[in-house]
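Shown next, in structure tokens, is the structure this report addresses.
Predicted, not measured: the structure shown is a model, and the values here were computed from it. Chain naming here is simple, since letters A, B, ... match the order of the sequence lines and numbering starts at 1 in each.
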2 protein chains.
Amino acid sequence: MDTQNQVFSYIEPEENSGYLLWQVTMQWQLSMNRALGKMELTLTQFSLMAGLYWLGEKKGAVTQQQLADYANTDKMMTSKVLAVLENKQLIERVKDPGDSRAKQLKMTDKGIEVLREAYRVVKAVDDVFFKDVMKDKVVFDGLLMRLIK
Amino acid sequence: MDTQNQVFSYIEPEENSGYLLWQVTMQWQLSMNRALGKMELTLTQFSLMAGLYWLGEKKGAVTQQQLADYANTDKMMTSKVLAVLENKQLIERVKDPGDSRAKQLKMTDKGIEVLREAYRVVKAVDDVFFKDVMKDKVVFDGLLMRLIK
DNA sequence: CTAATTTAGTTGTCGTGACTACTAAATTAG
DNA sequence: CTAATTTAGTAGTCACGACAACTAAATTAG
């Protein structure tokens, strides 16, 4: 066969690490969003709330930019999602007394309660999803960590 | 410290496989979209074109639903992205003669040309992105494949 | 001190990605 | 054969996620 006109060098998509990574992550994300959907949360909303909780425990006051840096989300998207979380009364945004451009983020009691429950849900989904690679978790996580720039 | 009121059991997000997977994939996707952006393509558009090319090589005529099944994309999204690709004259959609509900997909010459170039770009990005795990590719891909449902 | 630059946050656009709801055609069941 | 169901595709909604462009406040440089 004339391979000159072939677009690909006969590499099945299934042999492509990037494609596999993408497929797996989309499935994981879908599982998470479906599970969290029952409590009216998205994965991104959960992720920002969890990040805020963590940073809050570590550093006290947290601004939107600090949270965005921590969660590797851009500040524009972060701003919008936090506005949604504020509307749901899961967090509060108050003017930073020291820097009037910034806003300090605080979780409400309701927010902490929802986060606690969401965390259980997320953990349960993860346990099922990663069940088949559980015994290789260290290897798996190690490989992933090598890929984070 | 009183751990009863803690939301999490002191598990850093960095130790969570799902979180790592998500972060890595988002970075991979961003690299891909930036690289493909130079040729006015998105990763999803490339992915559907590549899938169409593959299926076409294997089976000849391809419908939207078949492509959606192959690429694990939902048919609604697939329909919209294919409409975009048709507008760009990278593919054609013609009525299936055997099933008047269905549309047969065909790549145009321009589409094949763009796909060829896009494939080079994608391959180059992948080579850089996965450079650090190249020697463990078999292990890495194996783990990912175990996670695909 | 004042001008230039940087930083924190918002608004709006585009392209997925999941989903509901719909049309029309094909298939299956009775 | 006809009714019920399934299938292929489209339209529209919501929520990211990347980005450009913007305001206003803080910081730095001269």
Would you kindly give the [atom1]-to-[atom2] distance between [X] and [N], to the nearest whole Å?
X	N	atom1	atom2	result
A:Lys95	D:dA24	NZ	P	11 Å
A:Leu48	D:dG17	CG	C1'	12 Å
B:Leu82	D:dG9	CG	P	9 Å
A:Asp96	D:dA24	CG	P	19 Å
A:Phe46	D:dC16	CZ	C1'	17 Å

message = Applying side-chain hydrogen bond (donor to acceptor under 3.5 Å, both in side chains), can you list everything that pairs with A:Ser31, at least two apart in sequence or on another chain?
response = none
request  = Please list, chain by chain and in numerical order, all residues satisfying side-chain hydrogen bond (donor to acceptor under 3.5 Å, both in side chains) with B:Asp132, sequence neighbours excluded.
outcome  =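 Expected list: none.
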[X]: partners by salt bridge (Lys or Arg N to Asp or Glu O under 4.0 Å), with sequence neighbours left out:
X	value
B:Asp127	B:Lys123
A:Asp69	none
A:Lys137	A:Asp141

Could you run down the sub-3.5 Å N/O contacts of the protein with nucleotides 9-15 of chain C?
residue, atom, partner, partner atom, Å
C:dG9, OP1, A:Gln64, N, 3.4
C:dG9, OP1, A:Lys103, N, 2.6
C:dG9, OP1, A:Lys103, O, 3.2
C:dG9, OP2, A:Gln64, N, 3.3
C:dG9, OP2, A:Gln65, N, 2.5
C:dG9, N7, A:Lys75, NZ, 3.0
C:dG9, O6, A:Lys75, NZ, 2.9
C:dT10, OP1, A:Arg93, NH1, 3.2
C:dT10, OP1, A:Lys103, NZ, 2.5
C:dT10, OP2, A:Gln64, OE1, 3.4
C:dT10, OP2, A:Gln64, NE2, 2.9
C:dT10, OP2, A:Ser79, OG, 2.2
C:dT10, OP2, A:Arg93, NH1, 3.4
C:dT10, O5', A:Ser79, OG, 3.4
C:dG12, N7, A:Lys80, NZ, 3.1
C:dG12, O6, A:Lys80, NZ, 2.5
C:dT13, O4, A:Lys80, NZ, 3.3

query = Between residues 24-38 of chain A and DNA chain D, which residues have a heavy-atom gap below 4.0 Å?
reply = A:Gln29
Listed pairs under 3.5 Å, donor-acceptor, residues 40-48 of chain A side chains, sequence neighbours left out:
residue, atom, partner, partner atom, Å
A:Thr42, OG1, A:Gln45, N, 3.1
A:Gln45, OE1, A:Thr42, N, 3.3
A:Gln45, OE1, A:Lys88, NZ, 2.8

query = Which salt bridge (Lys or Arg N to Asp or Glu O under 4.0 Å) pairs, counting each pair once, include a residue from residues 96-105 of chain B, with sequence neighbours left out?
reply =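 Every pair satisfying salt bridge (Lys or Arg N to Asp or Glu O under 4.0 Å) with a residue in residues 96-105 of chain B: B:Asp99-B:Arg101.
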ask   = So what does the secondary structure string of DNA chain C come out as, 5' to 3', with Watson-Crick or wobble pairs under 3.5 angstrom, [ ] for crossing and | for pairs with another strand?
value = ||||||||||||||||||||||||||||||
ask   = How would you label the contact of B:Asp74 with the nucleic acid (heavy atoms, under 4.0 Å): base, sugar-phosphate, or nothing?
value =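 The residue B:Asp74 makes base contact.
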task = Without swapping roles, check the side chain of B:Glu86 against the backbone of B:Arg93 for a donor-acceptor pair under 3.5 Å.
result =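 Present.
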request  = Please identify each residue that fulfils side chain to side chain contact (heavy atoms under 4.5 Å, CB included) with A:Ser100, with sequence neighbours left out.
outcome  =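 If we apply the side chain to side chain contact (heavy atoms under 4.5 Å, CB included) test to A:Ser100, skipping adjacent residues, there are no hits.
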message = Going by the rule side chain to side chain contact (heavy atoms under 4.5 Å, CB included), which residues pair with B:Ile148 if we only count those two or more places apart in sequence or in a different chain?
response =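 With neighbours one apart ignored, the set is A:Leu20, A:Gln23, A:Val24, A:Gln27.
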key: Residue met sooner reading DNA chain C from 5', once A:Asp99 and B:Leu43 are mapped to nucleotides   =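 Nearer the 5' end of the strand: A:Asp99.
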key: Electrostatic pair A:Glu117:A:Arg120 at N-O distance under 4.0 angstrom   =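 Result for this pair is yes, salt bridge flagged.
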request  = Considering just the side-chain nitrogens and oxygens of B:Thr73, establish if one lies under 4.0 Å of OP1 or OP2 belonging to C:dT16.
outcome  = no
